[in-house]
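Worth saying up front: this structure is predicted, and the values here are computed from it rather than measured. In what follows, every chain begins at residue 1, and chains take the letters A, B, ... in the order their sequences are listed.
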2 protein chains.
Amino acid sequence: MTPDRLKEIRGIDLFKNISDRSFASLTQAAYAQNFPPNVELITEGDPSDFLYIVISGSVELFANWDKNETTLATVWPVSSFILAATINKGPYLMSARTGEKSLIVMLPSEDVRQTFENDPEFAKSIVSELAEYYRAGIRHAKGLKLRTSKERLANYLIKTGKKNDGATQFLLKYEKRRLASYLGMTPENLSRAFASLKELGVRVDGQKVSLDNMPALIEFAKPTALIDG
Amino acid sequence: MTPDRLKEIRGIDLFKNISDRSFASLTQAAYAQNFPPNVELITEGDPSDFLYIVISGSVELFANWDKNETTLATVWPVSSFILAATINKGPYLMSARTGEKSLIVMLPSEDVRQTFENDPEFAKSIVSELAEYYRAGIRHAKGLKLRTSKERLANYLIKTGKKNDGATQFLLKYEKRRLASYLGMTPENLSRAFASLKELGVRVDGQKVSLDNMPALIEFAKPTALIDG
DNA sequence: AAGCTTATTTGACAATTATCAAGTTAGAGT
DNA sequence: ACTCTAACTTGATAATTGTCAAATAAGCTT
């Protein structure tokens, strides 16, 4: 791997505080690889041989069961995925595929576990990371169990607006069918949910979204930090 | 706290490997308390002042949003809950109430974080614990998104049977309305799901359940380790 | 054991969500 | 720009799930 790339990886929360020695042994056998869009990187059930890091592009984490498929998360640069499986030596619980052309770094799981054993700072970083993942998972489950799909969409839009510096206009970060899957509904249902949010000032044109009546939308969606982070 | 009680706590995974010194400082300001059933121990949104440990009884973790409530997990002895919030100094994302008369130990969060900083073994144990929690959360979300409520119930029954040494007869561990909430449905829906599973050999009488046609039930439920653990 | 409260079940109905089948639109590749 | 494929939308319908109300059953208290 090139020095530039190493530096980029070093910057993520997971590696920020670890020793140079740990970082070196962690990345010693690592390698980066470019993937075209829509390539399946791992399949749920596989043994966790690598910890993955997205350098550029994006990765969709999804799962299948009996003809159904659902997106559980999307990973954006620069961050790792599949950490919990790596640490616990368990099989992956999610499959992963590139959402677009992506540069991916793979660290052998054995090295990750080794470093985890030896470098207390690394262990601490992993704790923070996992705690956040876990809490994100709780939030996701709360949304699914407490809200209707229309409410989930409304809150997603509000949240996305906030992330874009509170802009009332922004672009959806990914395809609608993936958004639908992430929000736990079918594409048809998402389409209808968008249509029915029109009366709350939600306009959609392709990937462009504008929220023209924020107060009304918020009153309907009832966002809360305890679900929407 | 009594020596007996301390010993009991020392035995859980989280504390098994930590130094005596760490354990002492962790429990130095801890205290145990008996609670009657149905007492709310914490409320979502509260700052995380304590790490809790269930010594006996049980604790339900739940959340509310706009008139709706849902159970996210039930904690059985002897284990901790609310660890992620404690570590990340975030507000609790779930409320907790006793499901029955329960003995609860409370460790000041500050002490937990202190020990986490100083004892690498504790950090490692926390990692394993959080990784497992996280994975349990993923499984829960997968079940909710990929399965119907009837399928979730069928799988829950199969799993519970397995936990009871593969018994085809067992007692439900908690009330049906809580089971319903945990499985993401209303009590009425649970009742009907049970009724409709009758043709797959599921008999229910109060808390007693018997699974008289396991092959048929399994064929319908399609359990998998990637969701049902 | 009687009485009271709460949990569970059942029925009728409504809301939500999914499925299937066309259309329409948008985007990628040539 | 053209073609082709895939994504998205819309309509019609079905399945799933929730709500409300009432009846029954179970558990607790006295």
What integer distance in Å separates B/N38:CG from C/dT6:C1'?
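It works out to 11 Å between those atoms.
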Whole angstroms only, please: what is the CG-P distance between A/L183 and C/dT16?
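After rounding, the reported distance stands at 17 Å.
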What's the shortest heavy-atom distance between [X] and [Y], and which atoms?
X	Y	value
A/A141	B/L72	CB-CD2, 4.0 Å
A/L183	A/L144	O-CD2, 4.1 Å
B/I55	B/V78	O-CG2, 4.0 Å

Would you mind writing out the side-chain donor-acceptor pairs for residues 4-13 of chain B within the sub-3.5 Å range, not counting sequence neighbours?
{"residue": "B/R10", "atom": "NH1", "partner": "B/F15", "partner atom": "O", "Å": "2.8"}
{"residue": "B/R10", "atom": "NH1", "partner": "B/I18", "partner atom": "O", "Å": "3.4"}
{"residue": "B/R10", "atom": "NH2", "partner": "B/I18", "partner atom": "O", "Å": "3.1"}
{"residue": "B/R10", "atom": "NH2", "partner": "B/D20", "partner atom": "OD1", "Å": "2.6"}
{"residue": "B/D13", "atom": "OD1", "partner": "B/K16", "partner atom": "NZ", "Å": "2.8"}

Suppose the criterion is side-chain hydrogen bond (donor to acceptor under 3.5 Å, both in side chains): which pairs have a residue in residues 159-168 of chain B, not counting sequence neighbours?
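Every candidate side-chain hydrogen bond (donor to acceptor under 3.5 Å, both in side chains) pair involving residues 159-168 of chain B fails, so no pair, neighbours aside, qualifies.
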List the residues meeting side-chain hydrogen bond (donor to acceptor under 3.5 Å, both in side chains) with A/T148, not counting sequence neighbours, and say none if there are none.
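Listed in chain order: A/E151.
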Filter on ring pair (Phe, Tyr, Trp, His ring centres under 6.0 Å), then keep only pairs touching residues 161-195 of chain B, sequence neighbours left out; what's left?
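As it turns out, the ring pair (Phe, Tyr, Trp, His ring centres under 6.0 Å) pairs with a partner in residues 161-195 of chain B, which skip direct neighbours, are B/H140-B/Y182.
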Identified side-chain contact (heavy atoms from CB on, under 4.5 Å) partner of B/T98 from the options B/V54, B/L103, B/L41
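Result for side-chain contact (heavy atoms from CB on, under 4.5 Å) with B/T98: B/L41.
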How would DNA chain C look in dot-bracket form, 5' to 3', counting Watson-Crick and G-U wobble pairs with both distances under 3.5 Å and writing | for bases paired to another strand?
||||||||||||||||||||||||||||||
Please work out which residues in residues 185-212 of chain A have a non-hydrogen atom less than 4.0 Å from an atom of DNA chain D and list them by number.
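The answer is A/E188, A/S191, A/R192.
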Go through residues 66-75 of chain A and report each residue with a non-hydrogen atom lying under 4.0 Å from DNA chain D, sorted by number.
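The stretch gives none, as no residue of it lies under 4.0 Å from the strand.
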Pairing donors with acceptors under 3.5 angstrom, does anything connect the side chains of A/E199 and A/S196?
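Their side chains do not contain a donor-acceptor pair, so the 3.5 Å distance test is not met.
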Please find the earliest and latest nucleotides of DNA chain D, in the 5' to 3' direction, that have an atom within less than 4.0 Å of any heavy atom of chain A.
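Contacts span D/dA7 to D/dA12, reading 5' to 3'.
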Contacts of A/F81 that satisfy ring pair (Phe, Tyr, Trp, His ring centres under 6.0 Å) - sequence neighbours left out
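Result, ring pair (Phe, Tyr, Trp, His ring centres under 6.0 Å) vs A/F81: A/Y52.
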Partner residues of B/Y134 under the ring pair (Phe, Tyr, Trp, His ring centres under 6.0 Å) criterion, sequence neighbours left out:
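With sequence neighbours excluded, B/Y134 shows a ring pair (Phe, Tyr, Trp, His ring centres under 6.0 Å) to A/Y133, given in chain and number order.
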Those residues of residues 144-157 of chain A lying under 4.0 Å from DNA chain C by at least one heavy atom
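Hits under 4.0 Å, by residue number: A/T148, A/S149.
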Are any of the side-chain heavy atoms of A/S80 and A/E129 separated by less than 4.5 Å?
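Side chain of A/S80 against side chain of A/E129, heavy atoms only: contact under 4.5 Å found.
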With the side chain counted from C-beta on, respond yes when B/R147 and A/W65 share a heavy-atom pair under 4.5 Å apart, and no when they do not.
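In contact.
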Only one of A/R177, A/R97, A/E60 passes side-chain hydrogen bond (donor to acceptor under 3.5 Å, both in side chains) with A/T71; say which it is.
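Looking at A/R177, A/R97, A/E60, the match for A/T71 under the side-chain hydrogen bond (donor to acceptor under 3.5 Å, both in side chains) is A/E60.
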For residues 209-226 of chain A, dump all side-chain donor-acceptor pairs below 3.5 Å to protein atoms at least two apart in sequence or in another chain.
{"residue": "A/S210", "atom": "OG", "partner": "A/D212", "partner atom": "OD1", "Å": "3.3"}
{"residue": "A/N213", "atom": "OD1", "partner": "A/A216", "partner atom": "N", "Å": "3.3"}
{"residue": "A/T224", "atom": "OG1", "partner": "A/L226", "partner atom": "N", "Å": "3.0"}

